[in-house]
Amino acid sequence: MTTAQPTKIGIILGSTRPGRRGEAVAHWIVEQSAGYPSVVDGSVTVELLDVAAFDLSLLSEPTIPGAANRKYENPATRTWGAAIDALDGFIFVTPEYNHSVPAALKNAFDVIYPEWGHKALGLVSYGADGGVRAVEHWRAIAANAHLMAVRGQVSLGLFTDWDGDTFTPSERRDGELRSLFDHVVSVTNALAPLRA
Ligand SMILES: Cc1cc2nc3c(=O)[nH]c(=O)nc-3n(C[C@H](O)[C@H](O)[C@H](O)COP(=O)(O)O)c2cc1C
């Protein structure tokens, strides 16, 4: 009898700034998801990946990542690529910087390519206006790597979901996150034949 493999979801912490708000958001996602039935019963696993910890250099691969066949020159790129390859779906924790995506996460996205393909993406953003402009940009960026962003999103407001520097998500956010998470899992499971 074969045992089904769990669906592996990566929470990608995309801000690298000292004092970043993203860290509390990423930990909230990990803590919330730990109580979801699919995680409790082991059919889904959740892993936190901190872009800062991978110490990626600004795109310095001589071969275009889409043409490199996963053979990257930089050890840090190979480590990052292997970590993304091992996951089935993602939730990006993204701030909005100057009305768009944060450079560190965009660079982490750009340095690899096939590792993202035929997987699902959920977007949890934050900013003065919920980071919604960054999310719209991510939708276009992700599509280019066959990474399928689900329709829902969690848009956290700096003035409504924080009390000063302390992350205090509004009550409705738990339900929004649960819905986003479930969609990422169901879409990425549906895409599994394309990854095979
Ligand atoms: C370089 C930079 C640009 C920013 N641009 C925006 C912006 O366009 N829209 C917005 O709502 N907030 C903007 N902010 C404020 C961020 O939403 C806020 O600082 C948030 O905490 C950043 O996420 P982080 O703490 O995880 O780095 C900007 C912050 C930085 C550092």
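In this text the structure is predicted, and so the values were computed from the model without any measurement. All residue numbers refer to positions in the sequence shown, counting from 1. Order of listing sets the numbers, starting from 1, for every ligand and every atom in it.
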Closest to atom 18 (C) of ligand 1 (judged by heavy-atom distance), picking from V25, L156, L158:
L158
Does S15 reach ligand 1 with a nitrogen or oxygen that is under 3.5 Å from one of the ligand's nitrogen or oxygen atoms?
yes
Report yes if G22 has an N/O atom closer than 3.5 Å to an N/O atom of ligand 1; otherwise report no.
yes
Of the side chain and backbone of H99, name the one, both, or neither that has a heavy atom under 4.0 Å from an atom of ligand 1.
both
If you measure from each non-hydrogen atom of A128 to ligand 1, which part falls under 4.0 Å: side chain, backbone, both or neither?
both
Sub-4.0 Å atoms of ligand 1 with respect to non-hydrogen atoms of [X]:
X: R17; value: 21 (O), 24 (P), 25 (O), 27 (O), 31 (C)
X: G127; value: 11 (O), 17 (O)
X: N98; value: 3 (C), 4 (C), 5 (N), 6 (C), 7 (C), 8 (O)

Looking only at protein heavy atoms, identify the closest one to [atom] and say how far it is in Å.
atom: atom 27 (O) of ligand 1; answer: Y97 OH, 2.5 Å
atom: atom 24 (P) of ligand 1; answer: R21 N, 3.5 Å
atom: atom 13 (C) of ligand 1; answer: E96 O, 3.2 Å
atom: atom 23 (O) of ligand 1; answer: Y126 CE1, 3.1 Å

With D85, which of R78, K8, R70 fulfils salt bridge (Lys or Arg N to Asp or Glu O under 4.0 Å)?
R70
With the 4.5 Å side-chain cut-off for hydrophobic clustering, are L123 and F181 part of the same group?
no
For the backbone of [Y] and the side chain of [X], can you confirm whether one donor and one acceptor N or O come within less than 3.5 Å of each other?
X: E115; Y: Y113; result: yes
X: Y126; Y: G22; result: yes
X: R195; Y: H118; result: yes

Hydrogens and angles aside, do T7 and N189 bring a side-chain donor and acceptor to less than 3.5 Å of each other?
yes
What class does the angle between the rings of W80 and W116 fall in, given that below 30° is parallel, 30 to 60° is tilted and above 60° is perpendicular?
perpendicular
Does a sphere of radius 6.0 Å around NE2 in H137 hold more than 12 heavy atoms from other residues, nucleotides or ligands, not counting ones at 6.0 Å or beyond?
yes
